[in-house]
Amino acid sequence: MTHSSRIPTWNIPEQQKSIGVFDSGIGGLTVVHALMKHLPHENITYFGDTARVPYGSKSAEVVREYAFEDTRFLMQQGVKVIVVACNTVSAVAIDDLKSHFDIPIVGMIQPGAIAACKASSNQRIGVIGTYATIGSESYPRALKRCNASIESFSAPCPLFVPLAEEGWGSHPVAASVAEEYLAPLRRQQVDTLILGCTHYPILHGVIQEVMGKGVTLIDSGEAAAYEVERRLRENNILNTSKEQPNYSFFVSDVPQKFKQLGEIFLDKSDLRVTKVHLA
Ligand code: DGL
């Protein structure tokens, strides 16, 4: 089924409108999971750009173009806040989105960096993400803004994305890829590691095993869920209704795979997943 219409939302009170979340694909469900846990009364509308994933190996210019289209689509659905679950978009396009769209917008970088600063004792923090996120140096800048004496060490881990999409987050192949990617960060003796990509929490167990128990893993999505709550309170648009929340999922291709993986990942049956064509 395809869908491209705008839904009428003028008669819905602002508080009851959805939180709009977008990502390049399925990985943003880690952020949805954190939002469902932290804000259980909120309605959520999700867009996953499954036709154009991955974003992390594309140029900043192209990622920005996609980010504008994704945001416009969610605004047409009448959401009250936009959560940019994709770290790649958060790293290269958040300022452009904030200055262009008149709606509260929450990205992943700032909340993740603040949580990491709080967690670190030795002030040596690792950051992993896509090529675009690491290349943008957004996390190191945000960490320095938080605490100028923090030293950060970054590593792109592109193969984690297809492993997560394949449902191989705990597979032995994931463990050997993690050994390879994370060895330089272990040598730097970081005590905190930012999982700077939506997909990486799916490999949480493997990453923790390789880094060792003494290293705190920071899930930027979880940190962002607190920031979303803060912004909703600040704007007086927190949903106080105790009704069962409504979750809608839209993707730009192969809705069946998204539904199958999404139901396992969110531990829910009957996810409503609709294929849309972004005009
Ligand atoms: N969602 C992207 C991110 O969080 C990872 C996958 C991709 O490369 O598109 O950076």
Side-chain angles (χ1 to χ4, degrees), residues 20-35 46-71 73-74 82-94 97 105-113 115-116 126-140 142 154-169 174 177-178 181 193-204 207 217-225 227 249-254 257-258 261-262 265 278:
V21 183
F22 78 86
D23 183 48
S24 55
I26 198 160
L29 291 180
T30 58
V31 180
V32 169
H33 190 256
L35 288 168
Y46 181 92
F47 174 68
D49 199 0
T50 48
R52 302 190 290 199
V53 67
Y55 283 10
S57 50
K58 300 200 166 68
S59 68
E61 195 187 3
V62 165
V63 172
R64 249 179 237 124
E65 200 180 292
Y66 291 172
F68 270 65
E69 290 172 10
D70 302 345
T71 304
F73 171 75
L74 285 175
I82 301 272
V83 180
V84 181
C86 183
N87 282 257
T88 303
V89 173
S90 300
V92 306
I94 199 85
L97 294 175
I105 296 183
V106 177
M108 297 294 117
I109 310 295
Q110 179 100 335
V127 182
I128 54 176
T130 63
Y131 281 121
T133 299
I134 299 304
S136 74
E137 298 195 351
S138 298
Y139 272 112
S154 303
C157 302
L159 292 175
F160 284 174
V161 173
L163 286 166
E165 298 254 345
E166 197 56 30
W168 283 22
V177 170
Y181 280 148
L193 177 65
I194 299 177
L195 308 181
C197 172
T198 48
H199 289 67
Y200 297 179
I202 297 171
L203 282 82
H204 190 284
I207 296 171
L217 303 188
I218 301 294
D219 178 343
S220 291
E222 272 185 20
E227 175 62 10
F249 298 87
F250 297 93
V251 293
S252 49
D253 205 3
V254 280
K257 186 182 174 201
F258 185 95
L261 286 175
F265 183 71
L278 297 194

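Atoms considered below: every heavy atom in the structure, side chains included; atoms not considered: hydrogens, waters and symmetry mates. Whatever order the structure lists them in is the order used to number ligands and atoms, beginning at 1.
- Residue V53 touches ligand 1 through its side chain alone, judged by heavy-atom distances below 4.0 Å.
- Under the 4.0 Å criterion applied to side-chain N and carboxylate O atoms, R64 and E69 are not assigned as salt-bridge partners.
- S90 contributes a side-chain N or O that, together with a main-chain N or O of C86, makes up a donor-acceptor pair within less than 3.5 Å.
- Considering backbone and side-chain atoms together, D23 places an N or O closer than 3.5 Å to an N or O of ligand 1.
- Ligand 1 has no atom lying under 4.0 Å from any heavy atom of G27.
- When hydrogens are left out, the protein atom nearest atom 10 (O) of ligand 1 is T88 OG1, 2.6 Å; that is the closest non-hydrogen contact.
- The shortest N/O to N/O separation between S57 and ligand 1 does not fall below 3.5 Å.
- In terms of polar-atom proximity, defined here as any N/O pair under 3.5 Å, T133 makes no such contact with ligand 1.
- The aromatic rings of F160 and Y181 stand perpendicular to each other, their planes meeting at an angle above 60°, with 30° marking the opposite boundary.
- Ring planes of F73 and F47: tilted class, angle from 30 to 60°.
- Judged by distance alone, the side chains of N87 and Y139 do bring a donor and an acceptor atom under 3.5 Å apart.
- Of all the heavy atoms of H199, the ones lying under 4.0 Å from any atom of ligand 1 belong exclusively to the side chain.
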